[in-house]
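Below: one structure, written as structure tokens.
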Amino acid sequence: MMLRVDLHPTHVSEDGKYHLRVGKPLPFGASIVPGGVNFSIYSRSASSCKLALFNKHEPQPFCVIPFKDEFRIGNVFTMIVFDLDYENLEYGFYMDGPFDARQGHRFDRTKVLMDPYAKAIGGRDVWGKNPDWNDIYQHRARICFDDFDWESDHPLETPIEDLIIYEMHVRGFTKHPSSGVKHPGTFAGIKEKIPYLKELGVTCVELMPIHEFDEFENSRISPATGKMLMNYWGYSNVGFFAPKAGFAATGKFGMQVDECKTLIKELHKNGIEVILDVVFNHTAEGNEKGPYISYKGIDNKTYYLLTPDGYYFNFSGCGNTLNCNNPIVRNMILDCLRYWAADYHVDGFRFDLASILGRDQNGAPMHSPPLLETLAFDPILGKCKLIAEAWDAGGLYQVGSFPAWGRWAEWNGKYRDDLRKFLKGEPGSLGGMAQRLQGSPDLYSWEGRGATASINFITAHDGFTLYDMVSYNGKHNEANGENNSDGGNDNYSWNCGWEGESTDPAVNKLRMKQMKNAVAMLLVSQGTPMILAGDEMANTQWGNNNAYCQDNEISWIDWSLLNTNKELFNFFKQMIAFRRAHPVLRSSGHFKNRDYMGSGFADITWHGQKAWNVDWSPDSRMLAFLLCGMHAKGGTVDDNSIYVAMNMHWDMHGFELPKLNHHMEWYVFANTDAEPPFDIWQPGKEVKLENQNEFLVGPRSVVILTGKDIK
Amino acid sequence: MDIQMSKQEGVAIVTLSGNLDGNTVNEAQEKIMPLLAPDTKSLVLDLKGCGYVSSAGLRLLLMAAKQVSGRGGTLALSGVCDEIKDVMEMTGFSNFFKSFPDINAAVAAVGKGGA
């Protein structure tokens with residue numbers, strides 16, 4: 001190897017043990033360079049900085065090296081330290097500077113601070129293992145190899161309208177003993193379940209937060225159950241660049257980065273994309289009473305939104321608010337997303353409480369937030385899906401109005417609410433439902449956003465599972481230990497006649513049908529569908545609609561339900577296959593409501609008990625629509641026509657079928673009123689209808705027909 | 001860590017005993033690299049006496065395998081314990097190695113050029 005004079009040591013540490021040299025200010029963080037490690041950290045207001053080096057797990061640093069004056073470039077402290085055994089190394093910083101809360105400064109030179117750019121973080125290597133609370137350095141920055149061999153892998157770049165998203169918690173997906181995997185609750189566990197995901201047919205997994213968090217944050221014993229409550233969901237970042245070690249079976253060996261990347265590579269190999277749920281609205285440091293982990297002690301004023309008195313704004317509901325539109329923080333977020341896109345081959349991101357990302361440094365919503373615009377136009381993120389949870393805990397609700405630049409999609413909360421209202425037969429719900437089925441043109445037709453702006457979902461981690469939505473009228477969060485006051489109250493759920501578990505066959509039958517109705521409607525809607533993991537087997541949380549702290553059977557998916565509820569799994573599987581087989585269900589744009597292909601039918605037409613005639617009155621609970629196959633994907637591909645009749649009334653009703661062109665006939669694909677195996681067919685194996693003029697749709701039932709050429 | 005070199009049926013064998021981690025990886029690298037001379041077509045790394053291979057250790061094995069395979073040769077592992085095998089599986093390293101229960105099987109396979 002050629003010797004490079006720019007990598008030659010120029011200084012020696014005070015103890016004479018380490019050779020040093022001024023570092024490169026960029027990239028921030030710790031980078032392996034020939035012969036050493038380059039450390040670089042920003043602080044605008046620190047007066048001095050020291051690097052603390054620890055051997056893995058050891059309580060005290062083996063060496064503390066001050067950054068010499070000549071190692072500070074602008075507001076960046078940077079230094080190369082040579083000859084480190086970086087596999088066994090943990091590093092942190094001591095920062096000195098003013099403590100003046102009113103001015104926003106909270107420096108404490110006694111605290112060891114984690115690098116905001118740490119690519120791996122130790123301290124919680126094994127999930128749930130009790131930490132040593134006397135440890136002066138709880139969350140420890142580590143150096144990781146960035147040499148993963150991806151071979152020919154790259155992000156899949158599936159058009160967003162073709163995705164079927166499956167939202168899961170890494171631990172909850174396989175932690176339950178019934179999962180049968182070798183390493184329950186880990187990235188490796190998900191990898192073992194890839195054949196299952198393929199059989200179900202989903203094309204994208206959305207992982208709830210996998211950035212390093214502290215499962216012990218605010219851990220406590222539930223007064224209601226006596227069980228330990230933990231920060232299970234993990235919407236509270238310790239570090240943004242590191243995967244959660246406790247989610248990796250190899251976390252105890254410090255190999256979480258490799259395990260996480262291996263999972264992504266294997267999912268890609270099987271045609272499944274990966275979207276990460278990212279939490280840039282706050283950190284785990286809480287407010288002025290919270291711990292020093294990193295940002296607070298490095299540059300409090302830069303990283304957090306502060307009131308004029310120096311207290312923390314709390315738009316996140318979690319104690320603090322990240323100062324997203326400060327240029328330094330903005331760059332950190334951009335660096336972070338680019339890192340996950342480039343180094344982890346992640347296909348997209350879902351931004352938790354994304355409206356916070358559009359607030360200015362005083363907390364006011366901005367018209368064109370620079371961060372959101374930057375992300376929309378960033379070259380490295382150019383093919384990544386960007387999905388916003390378009391609201392925050394400070395009262396900003398932007399569903400339909402989130403700044404988009406043609407790039408941002410949204411979790412469509414109105415879809416969830418309108419579908420649930422229609423499903424339970426609430427009066428006056430037809431108009432909203434009609435919009436939701438079309439990809440919500442009422443919300444997304446401006447600036448050409450189209451149907452792909454809408455991520456459609458009925459259930460998500462936040463709220464009832466699908467089974468609970470048809471089994472509980474109200475939430476049952478007593479186990480959370482907050483007197484059932486936490487969690488949303490606007491669930492629009494209906495228990496089908498009995499609250500909770502029931503032995504009444506009629507109740508259980510209706511619940512099964514309602515679940516089928518819901519998923520049928522979801523998968524024939526324009527926009528991108530998202531399913532909550534476990535809904536396909538009727539997983540229950542026993543009415544808990546806010547299981548953020550439940551690291552136990554309440555949250556873990558019970559795989560034995562797959563045997564009990566085979567018919568539901570099959571219904572999901574066939575519905576997913578049906579959606580994937582029919583491009584007419586997956587338009588990127590909205591309907592034009594006219595016949596621009598000369599087929600004799602507009603792209604979408606509405607029907608009711610009478611063809612071409614809908615009763616839109618508030619008491620009506622029946623709606624049908626016909627998608628003309630010749631108009632699929634804006635008329636660019638040919639498809640069957642699809643007719644969907646939804647009767648959310650409690651009685652059976654006849655629906656007059658619209659007449660197809662003379663060379664076509666109606667075939668039944670699904671009828672939720674029928675017992676299996678007649679409830680759904682394999683796509684392509686639909687059964688021809690004897691009566692081509694009318695279909696008797698059962699009480700609270702959905703029927704799906706395909707119009708195909710006469711054979 | 002104890003590192004022994006031997007030959008069987010013309011195939012070079014490196015037997016690693018102890019832990020292959022940050023403390024020992026440099027020593028192992030110094031001994032293995034000369035064996036990766038341009039004319040080396042096959043190599044067996046026997047890990048039977050190896051209880052732990054760290055992230056850096058796995059990277060050394062991978063680098064050796066890539067060097068040999070880059071010249072059309074083969075590197076085989078033998079005697080890998082279940083725990084290490086499991087870690088290699090979860091972290092993707094197993095994709096790059098042929099692994100055999102013992103030295104004889106590994107030598108037979110690489111000797112035929114069929115590993």
Side-chain angles (χ1 to χ4, degrees), chain A residues 1 32 35 55-56 83-90 119-120 122 125 142-153 174 181-192 194 243 245 247-269 344-345, chain B residues 1 16 18-30 32-34 36-38 45 47 50-75 77 80-99:
Chain A
M1 185 170 61
I32 298 169
N55 284 316
K56 242 184 209 177
D83 299 322
L84 289 173
D85 169 14
Y86 45 77
E87 195 186 32
N88 193 36
L89 190 75
E90 292 171 336
K119 306 295 196 303
D125 302 16
R142 286 184 186 163
I143 292 162
C144 77
F145 297 96
D146 54 359
D147 56 358
F148 186 78
D149 192 341
W150 287 97
E151 300 176 278
S152 57
D153 180 77
T174 63
V181 301
K182 196 167 178 186
H183 298 283
T186 64
F187 297 123
I190 299 174
K191 184 167 149 246
E192 276 190 66
I194 290 176
F247 280 167
T250 58
K252 60 186 175 210
F253 305 124
M255 294 191 71
Q256 59 269 27
V257 171
D258 291 304
E259 188 177 321
C260 181
K261 288 178 177 177
T262 299
L263 169 64
I264 294 170
K265 186 176 168 186
E266 287 301 313
L267 285 165
H268 282 172
K269 224 180 258 178
Y344 280 79
H345 293 197
Chain B
M1 156 145 279
L16 301 167
N19 291 343
L20 182 57
D21 57 21
N23 294 322
T24 56
V25 76
N26 287 340
E27 183 197 348
Q29 183 169 343
E30 278 167 24
I32 293 171
M33 292 316 272
L36 306 177
L45 295 178
L47 303 181
C50 202
Y52 172 64
V53 181
S54 78
S55 177
L58 287 168
R59 284 170 162 82
L60 171 65
L61 301 184
L62 180 59
M63 194 174 66
K66 294 243 161 188
Q67 289 231 3
V68 176
S69 68
R71 303 194 198 104
T74 36
L75 181 147
L77 302 180
V80 185
C81 72
D82 285 347
E83 190 171 12
I84 296 174
K85 216 179 251 176
D86 200 21
V87 169
M88 289 176 72
E89 181 65 33
M90 289 188 282
T91 52
F93 284 90
S94 56
N95 290 340
F96 302 100
F97 297 100
K98 291 278 180 186
S99 189

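Residue numbers start from 1 in every chain, and the chains themselves are labelled A, B, ... in the order their sequence lines are given, proteins ahead of strands. Scope of the values below: all heavy atoms of this structure, side chains included, with no hydrogens, waters or symmetry mates.
Side-chain contact between B:Asp86 and A:Lys182 is present, with heavy atoms from C-beta onward closer than 4.5 Å.
Applying a 4.5 Å heavy-atom cutoff, the residues of residues 261-268 of chain A that approach chain B are A:Thr262, A:Lys265, A:Glu266. Contacts between residues 53-65 of chain B and chain A, defined by a heavy-atom separation under 4.5 Å, are made by B:Ser54, B:Ser55, B:Ala56, B:Leu58, B:Arg59.
Contacts between A:Asn88 and chain B at a heavy-atom distance below 4.5 Å are absent for every atom of the residue. A:Glu192 does not touch chain B: none of its heavy atoms, backbone or side chain, sits under 4.5 Å away. Neither the backbone nor the side chain of B:Asn26 comes within contact range of chain A; no heavy atoms are under 4.5 Å apart.
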List the atom pairs, donor and acceptor, that lie under 3.5 Å between side-chain atoms in residues 249-257 of chain A and the rest of the protein, sequence neighbours left out.
unit_1	atom_1	unit_2	atom_2	d
A:Thr250	OG1	A:Met255	O	3.2
A:Thr250	OG1	A:Glu259	OE1	2.7

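With sequence neighbours excluded, the residues satisfying ring pair (Phe, Tyr, Trp, His ring centres under 6.0 Å) with A:Phe247 are A:Trp127, A:His169, A:Phe213.
Heavy atoms only, all atoms of each residue included: A:Phe148 and B:Thr91 are closest at CE1-O, 3.8 Å.
Residue B:Glu83 qualifies as open at atom CD: its count of foreign heavy atoms under 6.0 Å is 12 or below.
With values rounded to the nearest 0.5 angstrom, B:Lys66 atom NZ is found 3.5 Å from A:Asp149 atom CG.
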